[in-house]
Amino acid sequence: MALLQRLARQGHCRVLQRAFSAEAAAGSKKFYDVPEGHIDSDLSQIACNIGLNRRRDLKLGAAGNIRLVVGGTSVPLSELFKDQLTVLFGVPDRGDVCTKTHVPGYLKELEGMRRQGVTQIICVSRGDAAEVDTWAKENGIGSDITVAADPNGGFTRILGMEVDSNGSGPASLRYSVALEDGVILKVLVEESLGKVDISGGSKMLEFLKSRPQAPK
């Protein structure tokens, strides 16, 4: 086990996948296998590089210095997540699925999330901050959901959500994350960029309600 964890830290995802797949194949009912201790984290193979860091605190170290742009202001993660119960979801391209399905799904569950103690909902889009702001304004997003741009992709990379766009198209997976005071509690990653099956508002609300300390 120690060897497998060292391999994971060194980035040998394929080795880790094969090893854990062989170890857990008999008992696993999921379409993928994840490192021991993270069976309920919903980390697919495309995000396996953050599997052993699921509980990491994004306010600390180099992560805390990464910045997202909110309303034209560059905000470090150490400040953005401090003392907040955050629900965050990432959109790959600001297309129709993002605008007409992903965002509305969080607006629909807004009150339910607030009852669970969520203090902020953030939509992250990798790309130019001005373009992200324009998309938000044109689609009336921003009063209940904070829209944040990830101009240099630093946030997307540290979560392991970057994809190779070959110079065009999406540069991020479609995902959602729950964080408490910057500590990652839950990660939900879509297999397909064009679908909102597990990263939507309803699935995130299900997780929030499943926590042992969740309000009844």
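Nothing fancy with the numbering, it's 1 onward along the sequence. Scope of the values below: all heavy atoms of this structure, side chains included, with no hydrogens, waters or symmetry mates.
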Any chance the side chains of Thr146 and Gln120 put a donor and an acceptor closer than 3.5 Å?
->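 Not at all, the side chains of Thr146 and Gln120 share no donor-acceptor pair under 3.5 Å.
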Who are the side-chain contact (heavy atoms from CB on, under 4.5 Å) partners of [X], not counting sequence neighbours?
| X | result |
| --- | --- |
| Lys82 | Lys59, Asp181 |
| Ala136 | Ile141, Val147 |
| Lys195 | Ser192, Asp197 |
| Lys108 | none |

Salt bridge (charged side-chain N to carboxylate O under 4.0 Å, His left out) contacts touching residues 129-146 (sequence neighbours left out) |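 Listed once each, the pairs are Arg94-Glu131, Arg114-Asp144.
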Which heavy atom in [X] sits nearest to a heavy atom in [Y], and how many Å separate them?
| X | Y | answer |
| --- | --- | --- |
| Cys98 | Asp93 | SG-OD1, 3.3 Å |
| Met113 | Gly201 | CE-O, 3.4 Å |
| Thr99 | Pro104 | O-CD, 3.2 Å |
| Val91 | Ser125 | CG2-CB, 3.8 Å |

Which other residues end up in the same hydrophobic cluster as Val196, if Ile, Leu, Val, Met, Phe, Trp and Tyr are linked when side-chain heavy atoms come under 4.5 Å apart?
->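 Once heavy-atom contacts under 4.5 Å are chained together, Val196 belongs with Val97.
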Pairs satisfying ring pair (Phe, Tyr, Trp, His ring centres under 6.0 Å), at least one member in residues 68-97, at least two apart =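 Counting only pairs at least two positions apart or across chains, the ring pair (Phe, Tyr, Trp, His ring centres under 6.0 Å) contacts touching residues 68-97 are Phe89-His102, Phe89-Tyr106.
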Between Leu159 and Tyr175, is any pair of side-chain heavy atoms under 4.5 Å apart?
->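 With C-beta onward as the side chain, the pair touches.
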Taking side chain to side chain donor-acceptor pair (under 3.5 Å) as the test, write out the residues that go with [X], two or more places apart.
| X | answer |
| --- | --- |
| Glu162 | Arg126 |
| Asp128 | none |
| Ser74 | none |
| Gln84 | Thr119 |

Partners meeting ring-ring contact (aromatic ring centres under 6.0 Å, His included) with Phe155 (sequence neighbours left out) |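 Result, ring-ring contact (aromatic ring centres under 6.0 Å, His included) vs Phe155: none returned.
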Report yes or no: do [X] and [Y] belong to one cluster of Ile/Leu/Val/Met/Phe/Trp/Tyr joined by side chain heavy-atom distances under 4.5 Å?
| X | Y | result |
| --- | --- | --- |
| Ile184 | Val124 | yes |
| Val118 | Val103 | yes |
| Ile145 | Leu188 | yes |
| Leu85 | Val87 | yes |

Leu179 vs Leu185, side-chain contact (heavy atoms from CB on, under 4.5 Å): CA-CA, chis, key distance, verdict = CA-CA 5 Å; Leu179 308 99; Leu185 303 179; 5.9 Å; no
